[in-house]
K.L.:
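Okay, here's the structure, questions in a sec.
Because the structure is a prediction, the values reported are computed rather than measured. To find a chain, count down the sequence lines: A is the first, B the second, and so on, and within it residues start at 1.
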Amino acid sequence: MTAPISSADYVIITHCSPYRTYAQGTTHPSRRIKMAGTVRVRFAPSPTGALHIGGGHTALFNWLWARHNGGRFILRIEDTDRERSTKEYEETIMAGMEWLGLDWDEGPDRAGDFGPYRQSERLEIYHHWANRLLSEGSAYREGEAVIYRVPQGVSLAFDDVVYGHIEMMSDTLKDIVLIKSDGMPTYNYAVVVDDHTMAISHVIRGEDHISNTPKQLLLYRALQWEYPVFGHLPMILGKDKKKLSKRHGATSVYEYRDMGYMPDAMFNFLALLGWSAGEGNEVFSREEAAALFELSRVTKRSAIFDMEKLNHINQEHLKMLDPSTRLDLVEPFWREMGLPVDEHSREYLAQSLVVLGGRGQTAREAAGYSDYFVTFDAVKKRYDGSDIDEAQRATVRRYVRDLLACPEWKADLLEEFTRTWSTEQAVKMKEIAMPLRMALTGMKVSPGIFEVAEQIGREETKRRLAHYNLL
RNA sequence: GGUCCCAUCGUCCAGUGGCCUAGGACACAGCCCUUUCAAGGCUGUGACACGGGUUCGAAUCCCGUUGGGACCGCCA
């Protein structure tokens, strides 16, 4: 068993912020933190779109590692692309993370010793270190831009926590632009400066960054900074094994919320892509996952996003919900369907979902399967009763008359009565239960029909049967 | 084209030289339960990409082949 990666042996070489000076005898926070071996990880999205599945996956693994170690999870906004970055997307990304339950300890909206947490507000820092490189002669100017001169013959190696030893010669690299002509830093440069100055201990990001890492290594070297620990995550692909894109349907985590998926399930499902908590342990909470998570147990092979599995995990989580929480989840979908939710008490609606049981893989589906509890109109809309011939109708009427006369309107008693009745009258259960089901729900499939009858009540049952001329 | 990465059932994972005639989960099929469906229970179909080594022994280590993927932007 490999020992969990720790940053205990971490020592920072240079302190960083050009903004602050520290009195003699005191140390910069990053130095204190790294000496103390605190795990600090970050998710660094660029606000050029909503939080997509891949980003959510990366954020989630960072969160897991932070929480597993009692460390800090930092949100950094990489908004150096002036053209495409917007404040709206920044907010959408944060909302998406909150929805997934990924809370961060430091970020643009949260206090921290290592801010600012938006790259566009850290320009002085980037220029400070770029100037250093310039004065040392390892970088040169080209117009307004600052470019790092890549030395030849340098072996760039690092030990990735998940991919193992990776090594590459500097010879194949072109010179690296540090500062663009517009004064903004490039990704490969900013990421190095930020990860170091924010005292990031573990850089956990998508596998598509493996080939960027050697460049960054070069920059750490030039700045005489200690490397963080790197851990790359497998990519998430669509069904066709191609990078996940709009063609594969929903790509932003928000779309899954709107489809009726639970954040807990989405979290659970995403955690299962590239990691496992051990055999027979596939449904778990965030806390359980955090306790069990090991970066060194992350898989190398890219994974395919499989909706079927998501559906199953979602259903499992849906089943575990208490009635009130489940109602909170389903109610919006009933409203979206235009059902008169407000005509009922919360108790009635919650109990209806208890009767529905584990049916439906998403909240949206559950809402669709349970509309008849909310309104009879939904039933009338899809069922006209024309499938029953006169002979059947006569039988059902006889049964219904006796059923309605039952002293107590309780599911188990109604069922018992029906069984007895069906035996005595030599009528199959199916022949009376099915017409009853159709009249009450308008559907061929439903929970136990006597439970449905109990839930909607004797009067409502009578009303629905009357409407279909079954009284 | 160059560099780098990956390779176990359809899919997600387990497996780190002998416990593997390869295990679990999803999906699929069948059966049971049953007023329908879902759930649940049982059973089944189904994979170590290929070829060479190393070894007493390889899914596990090495090499090659093939197949996928990523990166090679003053995007991130």
K.L.:
Return the orientation label for the A:H196 and A:W225 ring planes: parallel under 30°, perpendicular over 60°, tilted otherwise.
P.N.:
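Answer is parallel, since the angle falls under 30°.
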
K.L.:
Going 5' to 3' along nucleotides 35-41 of chain B, which nucleotides have protein heavy atoms under 4.0 Å from the base (write B), which only from the sugar-phosphate (write S), and which from neither (write -)?
P.N.:
BBBBSS-

K.L.:
Between atom OH in A:Y187 and atom C1' in B:rA70, what is the gap in whole Å?
P.N.:
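Going from A:Y187 (OH) to B:rA70 (C1'), I get 13 Å.
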
K.L.:
Specify the separation, in whole Å, of atom CD1 of A:I166 and atom C1' of B:rA70.
P.N.:
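To the nearest whole Å, that distance equals 11 Å.
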
K.L.:
Over 60° means perpendicular and under 30° means parallel, so tell me whether A:F269 and A:F305 are parallel, tilted or perpendicular.
P.N.:
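Correct class here is perpendicular.
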
K.L.:
Given the P atoms of B:rU8 and B:rA59, what is the spacing between them in whole Å?
P.N.:
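So the two P atoms sit 15 Å from each other.
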
K.L.:
Watson-Crick or G-U wobble partner for B:rC42, using a 3.5 Å limit on both distances?
P.N.:
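Check on B:rC42: paired to B:rG30, both distances under 3.5 Å.
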
K.L.:
If only atom types and distance count, is the side chain of A:Q315 paired as donor or acceptor with the main-chain N or O of A:G358 below 3.5 Å?
P.N.:
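Yes.
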
K.L.:
Could you work out the separation of B:rC63 and B:rC4 based on their P atoms and round it to a whole Å?
P.N.:
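So the two P atoms sit 13 Å from each other.
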
K.L.:
Any side-chain donor paired with an acceptor under 3.5 Å for A:D384 and A:Y468?
P.N.:
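No, no side-chain donor-acceptor contact under 3.5 Å.
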
K.L.:
Assess, by modelled atom type and distance only, whether the side chains of A:H209 and A:E207 contain a donor and an acceptor separated by less than 3.5 Å.
P.N.:
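Checked: A:H209/A:E207 side chains show no N/O donor-acceptor pair below 3.5 Å.
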
K.L.:
Specify the separation, in whole Å, of atom CD1 of A:I179 and atom P of B:rC75.
P.N.:
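Computing the A:I179:CD1 to B:rC75:P distance gives 12 Å.
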
K.L.:
Let's see if you get this right: which residues in residues 43-59 of chain A place a heavy atom under 4.0 Å from RNA chain B?
P.N.:
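Result for residues 43-59 of chain A: A:S46, sorted by number.
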
K.L.:
Hey, is A:K309 close enough to A:E282 for a salt bridge, meaning N to O under 4.0 Å?
P.N.:
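A:E282 and A:K309: salt-bridged.
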
K.L.:
Given that both distances must come in under 3.5 Å, which nucleotide forms a Watson-Crick or G-U wobble pair with B:rC71?
P.N.:
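Partner of B:rC71: B:rG2.
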
K.L.:
For A:T362 and A:N314, which I'm curious about, is there any donor-acceptor pair between the side chains at under 3.5 Å?
P.N.:
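Checked: A:T362/A:N314 side chains show no N/O donor-acceptor pair below 3.5 Å.
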
K.L.:
From B:rC72, B:rC74, B:rC4, pick the nucleotide closest to the side chain of A:K215?
P.N.:
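When the side chain of A:K215 is considered, B:rC72 is the closest of B:rC72, B:rC74, B:rC4.
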
K.L.:
Select from A:M184 and A:M169 the residue whose nearest nucleotide in RNA chain B is closer to the 5' end of that strand.
P.N.:
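This one resolves to A:M169.
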
K.L.:
Distance check, C1' atoms only: B:rU35 and B:rC48, in whole angstrom units.
P.N.:
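B:rU35 and B:rC48 have their C1' atoms separated by 47 Å.
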
K.L.:
Could you tell me the separation between the CG atom of A:L292 and the P atom of B:rA14, rounded to a whole number of Å?
P.N.:
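Atom-to-atom, A:L292 to B:rA14, this comes out as 13 Å.
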
K.L.:
Measure from NZ on A:K243 to P on B:rA70 and round the result to the nearest Å.
P.N.:
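In whole Å, B:rA70 P lies 6 Å from A:K243 NZ.
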
K.L.:
How close do A:Y148 and A:A222 get, counting heavy atoms only, and between which atoms?
P.N.:
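The pair with the smallest heavy-atom distance is CE1-CB, 3.6 Å.
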
K.L.:
Find the distance A:R82:CZ to B:rA76:P and express it as a whole number of Å.
P.N.:
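In whole Å, B:rA76 P and A:R82 CZ are 11 Å from each other.
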
K.L.:
Is there a Watson-Crick or G-U wobble partner for B:rA58 with both distances under 3.5 Å, and which nucleotide is it?
P.N.:
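By the stated definition (distances under 3.5 Å), nothing pairs with B:rA58.
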
K.L.:
Pick base, sugar-phosphate or nothing for A:H209, based on heavy-atom distances below 4.0 Å to the nucleic acid.
P.N.:
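Base, at least one base heavy atom under 4.0 Å.
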
K.L.:
Without swapping roles, check the side chain of A:D171 against the backbone of A:G153 for a donor-acceptor pair under 3.5 Å.
P.N.:
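Present.
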
K.L.:
Examine A:R286 relative to A:F267 and say whether NZ or CZ is less than 6.0 Å from the centre of the six-membered ring and inside a 45° cone about the ring axis.
P.N.:
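A:R286 over A:F267 ring: yes.
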
K.L.:
Sticking with atom C1', work out how far B:rG23 lies from B:rC61, rounded to a whole angstrom.
P.N.:
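Approximately 23 Å lies between the C1' atom of B:rG23 and that of B:rC61.
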
K.L.:
Examine the base of B:rC13 for any acceptor or donor lying under 3.5 Å from a partner atom in the side chain of A:S276, and report the outcome as yes or no.
P.N.:
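Side chain to base: no pair below 3.5 Å.
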
K.L.:
Go nucleotide by nucleotide along RNA chain B from the 5' end; which of A:N212 and A:D208 gets its closest nucleotide reached first?
P.N.:
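Per heavy-atom nearest nucleotide, the more 5' residue is A:D208.
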
K.L.:
For nucleotides 7-12 of chain B, just jot down a letter per nucleotide in 5' to 3' order: B, S or -, based on protein non-hydrogen atoms under 4.0 Å.
P.N.:
SSS-SB

K.L.:
Looking at residues at least two apart in the chain, or sitting in another chain, which of them share a side chain to side chain donor-acceptor pair (under 3.5 Å) with A:T441?
P.N.:
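A:T441 satisfies side chain to side chain donor-acceptor pair (under 3.5 Å) with no other residue.
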
K.L.:
Provide the distance between the two C1' atoms, one in B:rU21 and one in B:rA29, to the nearest whole Å.
P.N.:
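Those two atoms are separated by 24 Å.
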
K.L.:
What I want to check is whether the side chains of A:R359 and A:S446 have a donor and an acceptor closer together than 3.5 Å.
P.N.:
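No, A:S446 and A:R359 have no side-chain donor paired with an acceptor closer than 3.5 Å.
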
K.L.:
Given that both distances must come in under 3.5 Å, which nucleotide forms a Watson-Crick or G-U wobble pair with B:rA7?
P.N.:
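Pair assignment: B:rA7 / B:rU66.
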
K.L.:
When the C1' atoms of B:rU45 and B:rC31 are considered, how many whole Å apart are they?
P.N.:
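Nearest-Å result for B:rU45 against B:rC31 at atom C1': 15 Å.
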
K.L.:
Strictly below 4.0 Å, N to O, side chains only: are A:K428 and A:E431 in salt-bridge contact?
P.N.:
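So A:K428 does not pair with A:E431 through a salt bridge.
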
K.L.:
According to the interplanar angle, ranging from 0 to 90°, do the rings of A:W65 and A:H68 count as parallel (below 30°), tilted (30 to 60°) or perpendicular (above 60°)?
P.N.:
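Because their plane-to-plane angle is under 30°, the rings of A:W65 and A:H68 count as parallel.
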
K.L.:
Considering only the P atoms, how many Å lie between B:rA14 and B:rC9, rounded to the nearest integer?
P.N.:
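Going atom to atom, P in each nucleotide, I get 13 Å.
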
K.L.:
Students often get this wrong, so: under 4.0 angstrom with heavy atoms, is A:T418 touching a base, only sugar-phosphate, or nothing?
P.N.:
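Nothing: the residue A:T418, judged by heavy atoms under 4.0 Å, touches no strand.
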
K.L.:
Is A:R40 salt-bridged to A:E106, cutoff N-O under 4.0 Å?
P.N.:
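Salt bridge: yes.
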
K.L.:
Show which side-chain atoms of residues 228-235 of chain A pair as donor or acceptor with protein atoms under 3.5 Å away, not counting sequence neighbours.
P.N.:
from, atom 1, to, atom 2, distance (Å)
A:H232, ND1, A:D160, OD2, 2.5
A:H232, NE2, A:R205, NH1, 3.4
A:H232, NE2, A:T213, OG1, 3.4

K.L.:
With sugar-phosphate meaning primed atoms plus P, OP1 and OP2, does A:S422 contact a base, only sugar-phosphate, or nothing at under 4.0 Å between heavy atoms?
P.N.:
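Nothing, no nucleic acid heavy atom in range.
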
K.L.:
Take atom P in B:rA47 and the same atom in B:rC42, then report the distance between them in whole Å.
P.N.:
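Going atom to atom, P in each nucleotide, I get 23 Å.
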
K.L.:
Please list, in numerical order, the residues of residues 135-158 of chain A that have a heavy atom closer than 4.0 Å to any atom of RNA chain B.
P.N.:
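Those residues whose heavy atoms fall under 4.0 Å from RNA chain B, taken from residues 135-158 of chain A in numerical order, are A:E142, A:A145.
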
K.L.:
Measure from OH on A:Y126 to P on B:rA76 and round the result to the nearest Å.
P.N.:
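One finds 11 Å between P of B:rA76 and OH of A:Y126, rounded.
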
K.L.:
Between B:rA76 atom C1' and A:R42 atom CZ, what is the distance in whole Å?
P.N.:
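To the nearest whole Å, that distance equals 12 Å.
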
K.L.:
Select base, sugar-phosphate, or nothing to describe what A:E167 touches, counting heavy atoms under 4.0 Å on all strands.
P.N.:
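If one applies the 4.0 Å heavy-atom cut-off, A:E167 turns out to touch the sugar-phosphate alone, with no base involved.
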
